[in-house]
Amino acid sequence: MASEHFDAVIVGAGFAGIGAAIQLKRMGIDNFVIVDREDDLGGTWYVNHYPGLAVDVPTTTYSYFFEPNPNWSRLFSTGSEIKQYADDVADKYDVRRHIRFNVTVEGARWDEDAKLWRVNLADGSTIDARYLLTATGFLSQPHMPDIPGITEFEGRVIHTTAWDDTYDPTGEKVGIIGTGATAVQLIPELAKKAADLTVYQRTPIWVVPKVDFRFSERSKRLFARIPLTQRIIRAITDTIYELMVSVAVLHNRQTRGRFNIAAGDLAKMFRFATIRDKELRAKLTPDYDFGCKRPTFSNSYYRTFTKPHVHLQDNGIARIESDGIVNNDGSKTTIDTLVLATGFDLWEANFPAIEVIGREGRNLGKWWRETRFQAYQGVSMPYFPNYLSLASPYAFLGLNFFNTMEYQMRHMDRLFGELKRRGATTFEITEEANTRYLDRMTELLGDSLFLNGSCATARSYYYNPAGEPTLLRPMSTKDAIREASEYPITDYSIV
Ligand code: NAP
């Protein structure tokens with residue numbers, strides 16, 4: 001089968017892939033294709049549509065900087081509004097016509113002679129492209145728990161990433177495994193309808209109140225007419241989130257964890273104000289520092305556990321039988337439906353999400369595991385020419401994915417701008433620059449919560465399987481954006 005040729009191929013049509021496409025267009029590269037295994041765009045915001053889904057970063061901040069949306073209905077908008085925003089941006093920037101849906105990429109191999117990426121698709125065909133960009137997200141491979149007997153369960157099993165919108169829990173006995181950010185949103189919704197709900201908690205999560213409000217029609221009109229007004233609100237929400245990350249996570253050593261203690265106290269007061277049962281409060285209390293794993297915001301999560309038909313089970317699951325769950329203490333709960341809010345395989349299945357073979361046969365996944373997880377400025381690796389990996393180690397900035405995208409788009413702007421200026425076609429990060437960056441990240445992490453706080457029991461996906469916290473880029477958004485526009489272009493070997 002002859003392969004098709006493009007200047008660039010982007011894997012993933014979520015916000016990162018759409019952002020990369022917009023940036024390529026800005027650079028005058030229009031002959032590119034975006035492939036996505038789903039049948040619609042939006043990535044995680046298309047795949048996830050469980051009841052209660054809403055963003056946990058204010059939407060004034062959770063949006064492309066260059067594309068403010070005056071129509072958000074509230075400060076923390078719902079999942080469907082964010083999916084709509086992805087659609088609107090893709091249409092406005094004419095990205096949709098580049099996307100091919102239902103296309104699964106198996107792997108990509110660099111052809112040194114042709115100076116091309118050969119991208120293999122699951123249907124056996126290939127795409128050739130000069131540039132490869134993987135925008136596969138961080139939370140895209142669902143985690144299916146390996147609990148004894150789980151396949152024997154005869155009732156309905158739903159993972160939160162494959163929610164069945166026709167499912168109605170009314171009158172049912174439901175069991176839900178997991179108490180992460182997804183479960184915190186879903187549990188109150190399930191409790192509204194289920195006759196009986198048992199929550200299986202392995203590690204309690206930090207929960208603080210969510211300060212949310214609707215935007216009136218008047219304020220939406222004002223945002224549309226005078227965009228500066230919305231920019232001002234964004235500046236405020238950006239600053240609050242940036243400050244939180246700075247004092248609680250990045251400079252934990254300097255602040256001696258005071259912010260984390262204060263935030264933990266707030267969560268404690270919140271539990272105290274909501275739950276009268278001392279034993280229940282104790283069960284819901286994390287034993288690791290606030291921030292070790294992503295904290296959540298909810299006004300209804302704790303209150304839900306005070307309802308008589310909602311039970312918290314934290315003895316651990318021994319096994320699952322055809323009609324229910326047996327706990328480590330020998331007790332059994334019969335259920336009709338098992339909900340898996342068990343999150344994602346971040347490190348094992350996602351770094352990288354497809355097999356990538358670079359120059360001299362270097363296998364990215366193996367190289368990361370045999371050396372260390374690393375990526376210069378969270379986007380490029382030596383021996384992988386013409387490749388930008390947008391879901392890389394040390395890529396994610398703070399709490400807001402759009403900040404990550406903003407610096408990555410600026411990085412592309414500088415890099416592709418230089419290629420164009422020189423009439424060059426190939427780039428590769430030098431080993432020296434990559435090592436320098438990795439050393440600096442390692443040093444910066446020395447000040448962070450992840451190395452100074454008490455995180456051992458958090459089971460946090462911020463840490464890779466070797467126990468290193470290599471997910472977050474430990475610097476401020478301002479610094480990362482500045483670096484993306486100013487990095488020495490000699491860090492790349494450009495031919
Ligand atoms: P998660 O944070 O990884 O939580 C998974 C939950 O399942 C954890 O409580 C985990 O327990 C539990 N679990 C997994 N395997 C288990 C097993 N074998 N037995 C018992 N329990 C098991 O996943 P998530 O809740 O889907 O959230 C992932 C991330 O998505 C969040 O951190 C957030 O960044 C993002 N998110 C964002 C939003 C939003 O913006 N609105 C909403 C949802 C999610 P352990 O903790 O003990 O491992």
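This structure is a prediction, so every number in the text was calculated from the model and none was measured. Indexing begins at 1, ligand by ligand and atom by atom, following the structure's order.
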Inset, instruction - Please report the closest heavy-atom contact between Leu451 and Leu445, naming both atoms and the distance. - result: CD1-O, 3.4 Å
Inset, instruction - Only heavy atoms count here, so choose which of Pro204, Ala181, Ala341 is nearest to atom 6 (C) of ligand 1. - result: Ala341
Legend entry - From the candidates Asp56, Leu186, Thr342, Thr179, the one that places a heavy atom nearest atom 8 (C) of ligand 1: Thr179
Inset, instruction - For Arg482, look at atom CZ and say whether over 12 heavy atoms of other residues, nucleotides or ligands are found less than 6.0 Å away. - result: yes
Inset, instruction - Inspect the surroundings of OH in Tyr167 and state if more than 12 heavy atoms from other residues, nucleotides or ligands are less than 6.0 Å away. - result: yes
With a 4.0 Å cut-off on heavy atoms, is [X] touching ligand 1?
X      : answer
Lys293 : yes
Val55  : yes
Tyr50  : yes
Tyr461 : yes

Specify the protein heavy atom at minimum distance from [atom]: its residue, its atom name, and the distance to 0.1 Å.
atom                    : answer
atom 2 (O) of ligand 1  : Gly180 CA, 3.8 Å
atom 33 (C) of ligand 1 : Arg294 CD, 3.5 Å
atom 30 (O) of ligand 1 : Leu139 CD1, 3.2 Å
atom 48 (O) of ligand 1 : Arg202 NH2, 3.0 Å
atom 3 (O) of ligand 1  : Gly343 CA, 3.9 Å
atom 41 (N) of ligand 1 : Ala54 O, 2.2 Å
atom 20 (C) of ligand 1 : Ile177 CG2, 3.6 Å
atom 18 (N) of ligand 1 : Pro145 CB, 3.4 Å

Inset, instruction - May I ask you to list the atoms of ligand 1 that are less than 4.0 angstrom from any heavy atom of Arg459? - result: 45 (P), 47 (O), 48 (O)
Inset, instruction - Give yes if a backbone or side-chain nitrogen or oxygen of Trp45 is under 3.5 Å from a nitrogen or oxygen of ligand 1, and no if not. - result: no
Legend entry - ligand 1 N/O within reach of Thr182 N/O, cut-off under 3.5 Å: yes
Legend entry - Thr333 and Gln313 side chains, donor-acceptor separation under 3.5 Å: no
Legend entry - For Lys283, all residues meeting salt bridge (Lys or Arg N to Asp or Glu O under 4.0 Å), sequence neighbours excluded: Asp314
Legend entry - Under the ring-ring contact (aromatic ring centres under 6.0 Å, His included) test, residues paired with Tyr407 that sit two or more places apart: none
Inset, instruction - Assert yes or no for the condition that the ring centre distance of Tyr461 to Phe138 is strictly below 6.0 Å. - result: no
Inset, instruction - Kindly say whether the aromatic ring centers of Phe76 and Tyr62 come within a distance under 6.0 Å. - result: no
Legend entry - Carboxylate-amine/guanidinium proximity below 4.0 Å for Asp265 and Lys268: no
Inset, instruction - Please examine the side chains of Thr477 and Glu406, heavy atoms only from C-beta on, and report whether any two atoms are closer than 4.5 Å. - result: no
Legend entry - Test side-chain contact (heavy atoms from CB on, under 4.5 Å) applied to Ile325 and Thr198, step by step: CA-CA 10 Å; Ile325 301 184; Thr198 305; over 6 Å; no
